[in-house]
Amino acid sequence: MGYQKPKGTADILPGDSSQWQLVEKTARDVFARYQFNEIRTPLFESYAVFARSSGDTSDIVSKEMYDFMDKGDRHIALRPEGTAGVVRAFVENKLYGPEYQKPYKVYYMGPMFRYERPQSGRQRQFHQIGVEAFGSESPAADVEVISMAMRLLRECHITDLKLAINTLGDAASRAAYHEALVSYLEPHFEELSDDSKVRLHKNPLRVLDSKDAKDQEIVKDAPVILDYLTPEATAHFETVKHLLETLHIPYEVDTEMVRGLDYYNHTIFEIMTNNKVLGHGYTTVLAGGRYNGLVEQLGGPDMPGVGFGLGVERLLLLMNAQNEALVPEPKLDVYVVGIGAQTSATTLQIIESIRDAGLSAERDYLDRKPKAQFKTANKMNAQIVVTIGESELADQTAHVKDMMSGIEITVPLAQVYTDFKAVQQQLNMN
RNA sequence: GCGGUAUUGGUGAAGUGGUUAACACAUCGGUUUGUGGAUCCGACACACGUGGGUUCGAUUCCCACAUACCGCCCCA
């Protein structure tokens, strides 16, 4: 039955693409106001870039990476997320240098790849819009990024969102908490779900957001990260909360929130929705956080960073679920009806002249009858129809009809060629 | 990676182990030999995801595969 697109991929067709363009335009516009500039990095990187940054044991690396050996025997991976490649570029191009303003603020948009089972809002090739700000440890930088994220979603007309924040603290906080959590969970080992038994040793934090009811019972009384923060980590988090309040951005602290990627520390956040288009329960549309240490891990200096990634497919599903037609119906300024094969050359000249005048124009290419051409003009939402037949050709005129009012006038062909806007005005006068 | 449901024309879909696979929309043509959104008439699936099997015979039953959707894992 012919060819099928690869599992988990999608064709974005005309009609849908206009909505994508709307989202992309909105993002560029919002980011520009915050002085973030676009960075474009490769869709694939050395496998090591992702393995190093995301953590070898993370699921993204261990089972979801789209990787392969290329003809030069290089281990390549299609990017599963945007941050690692941007950090690599930041380091490789020495953007940490003193000649660049800090924080150094960039954004990207484009496809990401993960080898997993497709579902609603989850594909193997999907798209993210993301931002990164390098070089500031200030909690104000965290909040700027969060605020920008909220603004972006707001300007995409998304409502009913929930901002959840948490902190993972610094290295010392994490180590202390890690130990406390494991020693709390260990005695419950036999009661845990099979999934969580594995998590306990691989990544105990993951047990915290298990969906298993019994796990949740156990987790309820587990130690909380907030109690294990160092004074500095506490101060950072408190300031973030305070600044969010200053900006009147509502949030919830979710101490059970964790991250799929290992490089996060301090502030992490997710913007979620419980809209059913994305499946049951709350689903994350946008997620991010701080990743001090990642730049160093990828060979750069010790330089902090904070950013977020937004799932475009998920955003689009939400937009369509919440709003009627955000993208206006396409319009056509002029449709030119040609009657008889001998009008074809003139018809072509007319539509080109109209396009010269800055208007959109279309004609028939299938030698159809006038009636059929009018029907098409109507379907295409044409504002004006120009008609050319043998008699018009003979005395060098054209019929020009306003499709709304039905008024039709006759004008010299020469005027159509040289000044269609004037013809338009003349039509409006009648 | 695990489990479940589904797969009929351009689209939405009905349907049956057996000579012509409903209906609707869209499209095209005609009704009006050169003028639009209406009416009426007509055309439009050698074909029912792919490959096997059962059967005298399968689109309808069985198996495998592919894809989509849902749940889990995980995540945007």
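Note on naming: letters A, B, ... go to the chains in the order of the sequence lines (proteins, then strands), and numbering restarts at 1 for each one. Note that the coordinates shown come from a computational prediction; the quantities given were computed from them, not determined experimentally. Computation of the quantities below employed the complete heavy-atom set of this structure, encompassing side-chain atoms and omitting hydrogens, waters and symmetry-equivalent molecules.
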Novice: Give a yes or no on whether the backbone of A/Ser193 and the side-chain of A/Ser196 come within a donor-acceptor separation of less than 3.5 Å.
Specialist: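 Answer holds: no.
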Novice: Do you know the tightest heavy-atom contact between A/Ala377 and A/Val385?
Specialist: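 Where A/Ala377 meets A/Val385 most closely, the heavy atoms are CB-CG2, 3.7 Å.
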Novice: With sugar-phosphate meaning primed atoms plus P, OP1 and OP2, does A/Ser391 contact a base, only sugar-phosphate, or nothing at under 4.0 Å between heavy atoms?
Specialist: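 Since a base atom lies under 4.0 Å of A/Ser391, the category is base.
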Novice: I want to verify a distance call: between B/C28, B/A76, B/G37, whose nearest atom is closest to the A/Glu116 side chain?
Specialist: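 Ranking B/C28, B/A76, B/G37 by closest atom to the A/Glu116 side chain puts B/A76 first.
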Novice: Side chain of A/Arg206, backbone of A/Leu200: donor and acceptor closer than 3.5 Å?
Specialist: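 Not confirmed, A/Arg206 side chain does not pair with A/Leu200 backbone.
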Novice: Can we say A/Arg124 and A/Glu116 salt-bridge, meaning some charged N sits less than 4.0 Å from an Asp/Glu carboxylate O?
Specialist: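 Salt bridge absent between A/Arg124 and A/Glu116.
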Novice: Mind calculating the distance between CG (A/Leu366) and P (B/U27) to the nearest angstrom?
Specialist: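 Distance, rounded to whole Å: 14 Å.
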Novice: Which part of the nucleic acid does A/Arg117 contact within heavy-atom distance under 4.0 Å: base, sugar-phosphate only, or nothing?
Specialist: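 Counting heavy atoms under 4.0 Å across all strands, the contact made by A/Arg117 includes a base.
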Novice: Tell me the interatomic distance from A/Met112, atom CE, to B/C74, atom P, rounded to whole angstroms.
Specialist: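 These atoms are roughly 22 Å apart.
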Novice: Whole angstroms only, please: what is the OH-P distance between A/Tyr66 and B/G1?
Specialist: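 Result: 11 Å.
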Novice: Rounded to whole angstrom, note down the P distance from B/U50 over to B/G34.
Specialist: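 B/U50 and B/G34 have their P atoms separated by 44 Å.
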Novice: Among residues two or more places apart or on two chains, list those pairs meeting salt bridge (charged side-chain N to carboxylate O under 4.0 Å, His left out) that have a residue in residues 12-32 of chain A.
Specialist: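 Checked against salt bridge (charged side-chain N to carboxylate O under 4.0 Å, His left out) - neighbours excluded - the pairs reaching residues 12-32 of chain A are A/Arg28-A/Glu38, A/Asp29-A/Arg33.
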Novice: Please report the distance separating the P of B/G30 from the corresponding atom of B/G36, rounded so that it comes out in whole Å.
Specialist: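 Their P atoms lie roughly 13 Å apart.
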Novice: Of the candidate nucleotides B/U35, B/C28, B/A76, which contains the atom at the shortest distance from the side chain of A/Thr284?
Specialist: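 Nearest to the side-chain atoms of A/Thr284, counting from C-beta on, is B/A76.
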Novice: Nearest to the side chain of A/Thr387, heavy atoms from C-beta on, is which of B/C73, B/G29, B/U35?
Specialist: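 Closest nucleotide to the A/Thr387 side chain: B/U35.
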Novice: Tell me which nucleotide among B/G29, B/A68, B/G37 gets nearest to the side chain of A/Pro118.
Specialist: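 Minimum distance to the A/Pro118 side chain belongs to B/A68.
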Novice: Sticking with atom C1', work out how far B/G15 lies from B/A22, rounded to a whole angstrom.
Specialist: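 B/G15 and B/A22 have their C1' atoms separated by 7 Å.
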Novice: Restricting to pairs with a member in residues 125-145 of chain A, which pass ring pair (Phe, Tyr, Trp, His ring centres under 6.0 Å), not counting sequence neighbours?
Specialist: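 Pairs touching residues 125-145 of chain A that pass the test: A/Trp20-A/His127, A/Phe90-A/Phe134.
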Novice: Can you tell me how far P of B/U31 sits from NZ of A/Lys375, to the nearest Å?
Specialist: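 Value for this atom pair: 12 Å.
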Novice: Measure from OH on A/Tyr264 to C1' on B/C75 and round the result to the nearest Å.
Specialist: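 Checked: the OH to C1' distance equals 12 Å.
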Novice: Taking atom P in both B/C75 and B/U67, what distance in whole Å separates the two?
Specialist: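 Each nucleotide's P atom is 24 Å from the other's.
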Novice: Describe the nucleic acid contact of A/Glu408 in one word from base, sugar-phosphate, nothing, applying a heavy-atom distance below 4.0 Å.
Specialist: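 A/Glu408: base contact, heavy atoms under 4.0 Å.
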Novice: Verify, without hydrogens or angle tests, whether A/Ser344 (side chain) and A/Ala341 (backbone) share a donor-acceptor contact under 3.5 angstrom.
Specialist: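 Not a single qualifying donor-acceptor pair exists.
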Novice: Is a side-chain donor or acceptor of A/Glu81 paired with a backbone partner of A/Thr83 at a separation under 3.5 angstrom?
Specialist: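 Side chain of A/Glu81 to backbone of A/Thr83, a donor-acceptor pair under 3.5 Å: yes, one is there.
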Novice: Could you check whether A/Val337 gets within reach of a base, just the sugar-phosphate, or nothing at all, counting any heavy atom under 4.0 Å?
Specialist: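 Here A/Val337 touches no strand at all.
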Novice: Decide, yes or no, whether a salt bridge links A/Lys162 with A/Glu252 under the criterion of side-chain N to carboxylate O below 4.0 Å.
Specialist: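 Salt bridge: yes.
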Novice: Can you give me the dot-bracket string for RNA chain B, 5' to 3', counting Watson-Crick and G-U wobble pairs with both distances under 3.5 Å, using [ ] for crossing pairs and | for partners on another strand?
Specialist: (((((((..(((.....[....))).((((.........)))).....(((((..]....))))))))))))....
Novice: Heavy atoms only, 4.0 Å cut-off, all strands: where does A/Gly130 land among base, sugar-phosphate and nothing?
Specialist: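 Answer is nothing: A/Gly130 stays at 4.0 Å or more from every strand.
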Novice: Look at the rings of A/His236 and A/His266 and say which category their plane angle falls in: under 30° parallel, 30 to 60° tilted, over 60° perpendicular.
Specialist: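 Judged by the thresholds at 30° and 60°, the geometry between A/His236 and A/His266 is tilted.
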Novice: Thinking salt bridges, do A/Arg79 and A/Glu45 make one under a 4.0 Å N-O criterion?
Specialist: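 The answer is no: the pair does not qualify as a salt bridge.
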Novice: For A/Lys369 and for A/Ala382, locate the closest nucleotide of RNA chain B by heavy-atom distance; then report the residue assigned to the nucleotide nearer the 5' terminus.
Specialist: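 Its nearest nucleotide lies further toward 5', so the answer is A/Lys369.
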Novice: Please report the distance, rounded to the nearest Å, between CG in A/Leu208 and P in B/C74.
Specialist: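 After rounding, the gap between these two atoms is 12 Å.
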Novice: Quote, to the nearest angstrom, the P distance that separates B/A38 from B/C44.
Specialist: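 It comes out at 23 Å once rounded to the nearest Å.
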Novice: Strictly below 4.0 Å, N to O, side chains only: are A/Glu217 and A/Lys220 in salt-bridge contact?
Specialist: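 Result for this pair is yes, salt bridge flagged.
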Novice: If you measure from the C1' atom in B/G18 to the same atom in B/C69, how many Å do you get, rounded?
Specialist: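 These two C1' atoms come out 34 Å apart once rounded.
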Novice: Give the nucleotide from the list B/C73, B/G37, B/A76 with an atom nearest to the side chain of A/Arg199.
Specialist: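 Among B/C73, B/G37, B/A76, the one nearest the side chain of A/Arg199 is B/C73.
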Novice: Mark yes or no for whether A/Lys421, through its side chain, and A/Ala357, through its backbone, hold a donor-acceptor pair below 3.5 Å.
Specialist: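 Yes, A/Lys421 side chain to A/Ala357 backbone: donor-acceptor pair under 3.5 Å.
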Novice: Answer yes or no: is there a donor N or O on one side and an acceptor on the other, between the side chain of A/Gln119 and the main chain of A/Arg117, under 3.5 Å?
Specialist: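 Not confirmed, A/Gln119 side chain does not pair with A/Arg117 backbone.
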Novice: Nucleotides 64-67 of chain B: which of its N/O atoms have a protein N/O under 3.5 Å away?
Specialist:
| residue | atom | partner | partner atom | Å |
| --- | --- | --- | --- | --- |
| B/A66 | O2' | A/Gln4 | OE1 | 2.9 |
| B/U67 | OP2 | A/Lys7 | NZ | 3.4 |

Novice: Salt bridge or not between A/Glu144 and A/Lys105? Use side-chain N to carboxylate O under 4.0 Å.
Specialist: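 Yes.
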Novice: Using every non-hydrogen atom in the two residues, find where A/Gly406 and A/Lys401 come nearest and quote the distance to one decimal.
Specialist: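 Answer, listing the atom of A/Gly406 first, then A/Lys401: O-CE, 3.7 Å.
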Novice: On a whole-Å scale, what distance lies between the C1' atoms belonging to B/A26 and B/G12?
Specialist: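 To the nearest whole Å, 10 Å.
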Novice: Looking only at N and O atoms, is any donor in the side chain of A/Arg122 or the base of B/C74 less than 3.5 Å from an acceptor on the other one?
Specialist: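 It does, because a donor-acceptor pair links the side chain of A/Arg122 to the base of B/C74 below 3.5 Å.
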Novice: Can you list, in residue-number order, the parts of residues 393-401 of chain A that come under 4.0 Å of RNA chain B, counting heavy atoms only?
Specialist: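 Close to the strand are A/His399, A/Lys401.
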Novice: OP1 or OP2 of B/G71 sitting under 4.0 Å from any side-chain N/O of A/Gln119?
Specialist: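 True: A/Gln119 side-chain N/O within range (under 4.0 Å) of B/G71 OP1/OP2.
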Novice: A/Lys371 NZ to B/U39 P: how many Å, rounded?
Specialist: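 Distance check: A/Lys371 NZ to B/U39 P gives 11 Å.
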Novice: Within residues 306-317 of chain A, which residues have any heavy atom lying less than 4.0 Å from an atom of RNA chain B?
Specialist: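 Contacts with RNA chain B under 4.0 Å: A/Gly311, A/Arg314.
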Novice: Between B/U55 and B/U60, how far is it from one P atom to the other, in whole Å?
Specialist: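 My reading of the P atoms in B/U55 and B/U60 gives 16 Å.
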Novice: Roughly, in whole Å, what's the span from CD in A/Glu392 to P in B/U35?
Specialist: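 Atom CD in A/Glu392 sits about 12 Å away from atom P in B/U35.
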Novice: Nearest heavy atom decides the nucleotide; on that basis, is A/Arg368 or A/Ala287 closer to the 5' end of RNA chain B?
Specialist: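 Upstream on the strand: A/Arg368.
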Novice: Would you say A/Val334 and A/Ile351 make side-chain contact, with heavy atoms under 4.5 Å?
Specialist: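 No; the side chains remain at least 4.5 Å from each other.
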